[in-house]
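Just so it is clear: chains get the letters A, B, ... in the order the sequence lines come, proteins before strands, and each one is counted from 1. When reading the values below, keep in mind they use all heavy atoms of this one structure, side chains included, and skip hydrogens, waters and symmetry mates. What you see is a predicted model, and the numbers here were worked out from it, not measured in a lab.
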Amino acid sequence: MPELPEVETIARGLASRVTGDIIESVWLGEKPEPLKSAASEIVATLEKRRIAGVRRVGKHIVFDLVRNGTPDAMASETKRKDKRSANVRIDGSRSSRARLKVPSALSRKGASPSQAEWIVHLGMTGRMLVCRPEVEIEKHTHAIVTLASGRELRFVDPRRFGRLSVSPAFIAAGLEPLDIELQPFTGLFRGRKTPIKSALLNQKLLSGVGNIYADESLFRAGVRPRRRAASLTREDLKRLYVNLKEVLKEAIALGGSSVADYVDADGEEGFFQLQHRVYGREGEPCLTCKTLIKRVVIAGRSSHYCPKCQK
DNA sequence: AATGAAACCTGACAGC
DNA sequence: TGCTGTCAGGTTTCAT
């Protein structure tokens with residue numbers, strides 16, 4: 001569901017609410033699908049850690065975790081030696097609210113690095129909620145993290161395309177659209193025969209651009225989504241570069257786009273959907289020239305464009 | 001190597 | 001009311 005501006009909004013909301021809090025325990029649902037790392041490793045990495053910060057990397061939410069009372073990461077401590085999975089049991093019964101029990105040896109000092117990261121990808125329908133324990137547990141809740149402040153952090157994801165993982169230091173595959181400079185940006189598309197729309201969605205090139213902002217940036221740049229990436233001129237690429245950054249920044253300023261059911265960490269909707277010029281406007285007049293907006297499918301994704309404004 | 005289609009899931013909505 | 005078909009903001013895997 002969420003793309004870069006939505007994830008940025010959610011990460012900022014989470015940062016303001018849970019930074020400094022301490023993770024007491026972790027419950028993981030019975031379905032293994034949302035887990036990219038082993039359940040035992042996630043539990044062992046999260047429990048008893050302090051949340052030093054929350055940030056966005058591409059479309060990922062990254063929780064920076066430090067050992068409680070250890071504000072600074074110990075850079076040398078990056079090697080992980082666990083033999084812990086054997087004793088960890090997953091109890092999926094939501095009603096009993098059973099918690100994973102981690103053997104005490106795992107919490108001993110030195111059992112894991114002092115710095116770690118909890119990575120959350122929301123997929124299409126994932127949400128992260130911060131709430132009181134008495135709040136009813138929604139259907140499709142796959143993880144509940146109990147905080148020392150008495151609140152809970154809950155991961156809810158009906159379609160289960162979201163993923164949870166842990167890592168010593170997560171690195172996105174692609175480059176950050178908001179940080180990249182013009183030269184590396186143009187270099188990403190050199191020699192690529194794939195449609196520019198597909199290239200923009202390729203997370204190994206740029207991380208964070210999704211279907212809405214790909215369509216919106218291409219409209220602003222006046223480039224048709226089916227154009228071969230390599231066919232874009234220097235001027236096309238410059239306009240795409242400028243407009244992609246612009247549309248992402250504007251969307252972040254408005255709290256992202258709420259098309260279906262996206263809400264941020266505080267349950268607030270974004271407002272950028274009101275600024276969409278092509279996305280979701282098939283058959284409606286172009287805001288610039290009144291030509292009807294077309295929708296085609298490119299690499300399996302809906303793509304919206306103005307046949308007159310985009311060449 | 002690179003490209004596209006299919007698969008992974010559930011829910012909402014339109015049309016009959 | 002309820003059935004069927006379509007669509008969805010993402011990523012990975014498989015075939016070509």
Proximity to the side chain of [X] - top-ranked nucleotide from [options]:
{"X": "A/Lys59", "options": "C/dT11, B/dG11, C/dA8", "answer": "C/dT11"}
{"X": "A/His140", "options": "B/dG11, C/dG10, B/dC9", "answer": "B/dG11"}
{"X": "A/Ser302", "options": "B/dG11, C/dG10, C/dA8", "answer": "C/dA8"}
{"X": "A/Phe161", "options": "B/dT10, C/dT11, C/dG10", "answer": "C/dG10"}

Dot-bracket notation for DNA chain C, counting Watson-Crick and G-U pairs under 3.5 Å, with | for partners on another strand: .|||||||.|||||||
Expressed in angstrom and rounded to an integer, what is the separation of [X] atom [atom1] from [N] atom [atom2]?
{"X": "A/Arg226", "N": "B/dT3", "atom1": "CZ", "atom2": "P", "result": "15 Å"}
{"X": "A/Leu206", "N": "C/dT11", "atom1": "CG", "atom2": "C1'", "result": "16 Å"}
{"X": "A/Leu200", "N": "B/dT3", "atom1": "CG", "atom2": "P", "result": "14 Å"}
{"X": "A/Asn202", "N": "B/dA1", "atom1": "CG", "atom2": "C1'", "result": "13 Å"}
{"X": "A/Asp157", "N": "C/dA8", "atom1": "CG", "atom2": "P", "result": "18 Å"}

Could you give the side-chain donor-acceptor pairs of residues 178-192 of chain A under 3.5 Å, partners two or more places apart or in another chain?
{"from": "A/Thr186", "atom 1": "OG1", "to": "A/Leu182", "atom 2": "O", "distance (Å)": "3.4"}
{"from": "A/Thr186", "atom 1": "OG1", "to": "A/Gln183", "atom 2": "O", "distance (Å)": "2.8"}
{"from": "A/Arg192", "atom 1": "NE", "to": "A/Leu188", "atom 2": "O", "distance (Å)": "2.8"}

side-chain hydrogen bond (donor to acceptor under 3.5 Å, both in side chains) partners of residues 55-65 of chain A, not counting sequence neighbours, each pair once: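 Those involving residues 55-65 of chain A are A/Glu8-A/Arg56, A/Arg55-A/Asp64, A/Arg55-A/Glu117, A/Arg56-A/Glu176.
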Donor-acceptor pair between A/Glu246 and A/Tyr241 side chains, under 3.5 angstrom: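 Not at all, the side chains of A/Glu246 and A/Tyr241 share no donor-acceptor pair under 3.5 Å.
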Distance-only side-chain donor-acceptor flag, A/Asp157 / A/Thr125, under 3.5 Å: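 Present: a donor and an acceptor within the cut-off.
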Any A/Gln203 side-chain nitrogen or oxygen under 4.0 Å from OP1 or OP2 of C/dT11: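 For C/dT11, OP1/OP2 do have a side-chain N/O of A/Gln203 under 4.0 Å.
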C/dC7 OP1/OP2 closer than 4.0 Å to side-chain N/O of A/Arg295: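 For C/dC7, OP1/OP2 do have a side-chain N/O of A/Arg295 under 4.0 Å.
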Contact check, side chains of A/Val7 and A/Glu3, non-hydrogen atoms, under 4.5 Å: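 A/Val7 vs A/Glu3: side chains apart.
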Donor-acceptor contacts, no H, no angles, side chain residues 296-311 of chain A, under 3.5 Å, sequence neighbours left out:
{"from": "A/Ser302", "atom 1": "OG", "to": "A/Arg295", "atom 2": "NH1", "distance (Å)": "2.4"}
{"from": "A/Ser303", "atom 1": "OG", "to": "A/Lys197", "atom 2": "NZ", "distance (Å)": "2.7"}
{"from": "A/Ser303", "atom 1": "OG", "to": "A/Arg301", "atom 2": "O", "distance (Å)": "3.1"}
{"from": "A/His304", "atom 1": "ND1", "to": "A/Asp215", "atom 2": "OD2", "distance (Å)": "2.8"}
{"from": "A/His304", "atom 1": "NE2", "to": "A/Gly280", "atom 2": "N", "distance (Å)": "3.4"}
{"from": "A/Gln310", "atom 1": "OE1", "to": "A/Cys306", "atom 2": "N", "distance (Å)": "2.7"}
{"from": "A/Gln310", "atom 1": "NE2", "to": "A/Leu218", "atom 2": "O", "distance (Å)": "3.4"}
{"from": "A/Gln310", "atom 1": "NE2", "to": "A/Val223", "atom 2": "O", "distance (Å)": "2.8"}
{"from": "A/Lys311", "atom 1": "NZ", "to": "A/Lys308", "atom 2": "O", "distance (Å)": "2.9"}

Nucleotides 12-16 of chain C: which of its N/O atoms have a protein N/O under 3.5 Å away?
none

A/Arg159 vs A/Leu201, nearer the 5' end of DNA chain C by closest nucleotide: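 The residue whose closest nucleotide sits nearer the 5' end is A/Arg159.
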Those residues of residues 190-198 of chain A lying under 4.0 Å from DNA chain B by at least one heavy atom: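 Nucleic-acid contacts, sorted: A/Lys193, A/Thr194, A/Pro195.
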